[in-house]
Amino acid sequence: MIIILKPQATEQDANEILDKISSLGLKPLYMPGIERTVLGALGDERILRQLHLDSYPMVDEIKPILSPYKLVSRELQAHDSIVPIGGINVGGGKFTVIAGPCSVESEAQLFGVSEMIKTQGVPLLRGGAFKPRTSPYSFQGLGLEGLKLLKAAKDKYQLPVVSEIIDPADAELMYDYIDCYQIGARNMQNYRLLEAVGKQDKAVLLKRGMSATLEELLLAAEYIINAGNPNVILCERGIRTFETATRNTLDLNAVAYLKEKSHLPVFVDPSHGTGVRSLINPLSRAAVAVGADGIIVEAHLNPKEALSDGHQALNADDFSQLMADIKPFVAAAGKYL
Ligand code: PEP
Ligand code: MN
């Protein structure tokens, strides 16, 4: 429920109402604005009805939040959220490219690709140290060694790092090495994992589960923010459909829908979304056009040698072409790189 106070309401008036909300075991929200203060009360609908806030003289208007997700909803916050990743702001008028290998494999591999993307003006590096592989026999990632390499690449090339977390117990270990936790598609509804990153203050890139509805994605984001971390970025990465020509079907409806319903930045992963190298460039342009705030793309200097997802990795030439090709689309969308 959203409670809009009258323009003359004081901080003391707001606190009185916030205390009442807390005393009923509901979650109070304080959102001071330039003209008016807005308060929020989140929790069980039956308890919300007991608040009787219309009896407070400084309450101007009370509006229910109709969607099942609240904190991520545009009903609660109309303006776009900006999410910082290691000093780089994501969202707003900027279109952000995150690039790097699927997996961290070695210093030479990671530094090589970091230098390549840095030269192309990319501000953020991706790379998996813990890999959630479909087969237990596939490369599982370098673990802590991979995190150390990511931190070294970050320091050497000034590229804040996004890396996947697969175990809630790793949240604190990873904290010192990375700037943004990635929650992978296979873990979108791992609620203990969502709560673990929700207790941290670094950004979270939340990927859509391959069979998850958009409501489920938004409720997964709600878990993270409800646990205390507002820095969430949503990411469409393709869903399972009857189509087998591509690895997944990149659902661009999702981008437009999520931008309408939520104030969180929305990214697109055209690498996993298509699984086809030649389709990454056109789908990246489509992502810009439909209103995404950025893309996350897999790149490798020698895709044939990659230990994971080499078939969808862009080499230096493909990558430079991608950056050139999205530029006019970014400008047409009224954004900047
Ligand atoms: C990845 O980013 O390498 C990855 C495993 O992504 P997803 O969770 O979207 O499959
Ligand atoms: Mn991958």
Side-chain angles (χ1 to χ4, degrees), residues 71-72 77 79-101 104 107 110-130 144 146-165 170-184 196-207 221 224-225 227-235 262-269 284 287-288 292-299 319 322-323 326-327 330-331 333-337:
L71 295 162
V72 306
Q77 180 187 306
H79 64 271
D80 285 344
S81 281
I82 309 274
V83 173
I85 303 183
I88 304 289
N89 281 339
V90 164
K94 201 161 94 185
F95 188 84
T96 305
V97 178
I98 305 173
V104 178
E107 184 181 279
L110 189 64
F111 283 16
V113 79
S114 300
E115 186 167 348
M116 185 277 280
I117 63 163
K118 185 76 187 181
T119 313
Q120 292 294 329
V122 169
L124 297 165
L125 172 67
R126 65 147 286 151
F130 299 104
L144 179 58
L147 293 178
K148 288 182 179 163
L149 290 173
L150 284 166
K151 177 77 167 61
K154 172 195 166 162
D155 293 344
K156 188 166 158 79
Y157 298 99
Q158 297 302 302
L159 286 168
V161 159
V162 180
S163 195
E164 180 162 358
I165 178 166
D170 292 336
E172 271 155 41
L173 167 76
M174 290 181 74
Y175 189 90
D176 295 331
Y177 297 97
I178 57 112
D179 301 284
C180 174
Y181 297 96
Q182 176 176 317
I183 300 277
V197 294
K199 291 193 187 108
Q200 307 297 327
D201 60 7
K202 289 192 173 173
V204 180
L205 180 85
L206 175 65
K207 289 191 157 194
I224 300 170
I225 302 184
N229 187 350
N231 299 311
V232 180
I233 300 162
L234 304 170
C235 182
S262 174
H263 52 82
L264 297 175
V266 178
F267 269 52
V268 167
D269 175 347
S284 296
V288 183
D293 295 288
I295 47 175
I296 178 164
V297 180
E298 288 185 343
F319 195 80
L322 171 72
M323 292 304 284
I326 60 171
K327 250 186 204 119
V330 172
K335 294 194 172 130
Y336 59 96
L337 272 166

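Values below: every heavy atom of this structure, side chains too, minus hydrogens, waters and symmetry copies. Values in this document were obtained by computation on a predicted structure and should not be read as measured data.
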Report yes or no: does His263 contribute a side-chain atom to a donor-acceptor pair with the main-chain N or O of Ile82 at less than 3.5 Å?
-> no

Given side chains that start at C-beta, do those of Val161 and Leu124 come closer than 4.5 Å, heavy atoms only?
-> no

Leu337: what forms a side-chain contact (heavy atoms from CB on, under 4.5 Å) with it, not counting sequence neighbours?
-> Phe95, Val97, Ile326, Lys327, Val330

Can you tell me if Tyr181 uses its side chain to pair, donor with acceptor, with the backbone of Ala171 under 3.5 Å?
-> yes

Taking only residues two or more places apart in sequence, or in another chain, which ones meet Tyr175 in a side-chain hydrogen bond (donor to acceptor under 3.5 Å, both in side chains)?
-> Asp201

Quick one: side-chain contact (heavy atoms from CB on, under 4.5 Å) partners of Ala221, sequence neighbours excluded?
-> Val72, Leu206, Val232, Leu234, Leu264

With Gln200, which residues qualify under side-chain hydrogen bond (donor to acceptor under 3.5 Å, both in side chains), at least two apart?
-> none

For Ala153 and Leu125, work out which heavy atoms get closest and say how close.
-> CB-CD2, 3.9 Å

Worked check of side chain to side chain contact (heavy atoms under 4.5 Å, CB included) between Ile296 and Gln182 | CA-CA 11 Å; Ile296 178 164; Gln182 176 176 317; 3.9 Å; yes

Any side-chain heavy atom of Asp293 within less than 4.5 Å of one from Lys335?
-> yes

What's the shortest heavy-atom distance between Ser163 and Ile178, and which atoms?
-> CB-CG2, 3.7 Å

Under the salt bridge (Lys or Arg N to Asp or Glu O under 4.0 Å) test, which residues partner Lys151, sequence neighbours left out?
-> Asp155

Any side-chain heavy atom of Asn231 sitting closer than 4.5 Å to one from Pro84?
-> yes

Across all chains, not counting sequence neighbours, the side-chain hydrogen bond (donor to acceptor under 3.5 Å, both in side chains) partners of Asp80 are Arg74

With sequence neighbours left out, the residues meeting side-chain hydrogen bond (donor to acceptor under 3.5 Å, both in side chains) with Asp269 are Lys207, His272

Under 3.5 Å: donor-acceptor pair, side chain of Lys94, backbone of Asn89 | yes

Quick one: CD1 on Ile88 to CD1 on Ile85, what's the gap to the nearest 0.5 Å?
-> 9.0 Å

Does Asn229 reach the main-chain N or O of Val197 with its side chain, forming a donor-acceptor pair under 3.5 Å?
-> yes

Taking the side chain as every heavy atom from C-beta outward, state whether Leu205 and Ile183 have any pair of such atoms under 4.5 Å apart.
-> no

Sequence neighbours left out, what passes salt bridge (Lys or Arg N to Asp or Glu O under 4.0 Å) with Asp179? Give chain and number order.
-> Lys154

Could you tell me which non-hydrogen atom of Pro160 sits nearest to which non-hydrogen atom of Gly86, and how far apart they are?
-> CG-O, 3.4 Å

To the nearest 0.5 Å, what is the distance between SG (Cys180) and CD1 (Ile233)?
-> 5.0 Å

Of all heavy-atom pairs between Val104 and Gly127, which one has the smallest distance, and what is that distance?
-> CG2-C, 3.9 Å

Atom CD of Gln77 and atom OG of Ser262: how far apart are they, to the nearest 0.5 Å?
-> 8.5 Å

Which residues share a side-chain contact (heavy atoms from CB on, under 4.5 Å) with Asp170, sequence neighbours left out = Phe130, Ile165, Asp167, Leu173, Met174

Look only at the side chain of Arg126 and the backbone of Glu298, and say whether a donor-acceptor pair between them is shorter than 3.5 Å.
-> no

All heavy atoms of Phe267 vs all of Thr96, minimum pair found to be CE2-O, 3.5 Å

Show the atom names and distances, to 0.1 Å, of all donor-acceptor pairs under 3.5 Å that link a side chain in residues 111-119 to residues at least two apart or in another chain.
unit_1	atom_1	unit_2	atom_2	d
Ser114	OG	Leu110	O	2.6
Lys118	NZ	Tyr157	O	3.1
Lys118	NZ	Gln158	O	3.2
Thr119	OG1	Glu115	O	2.6

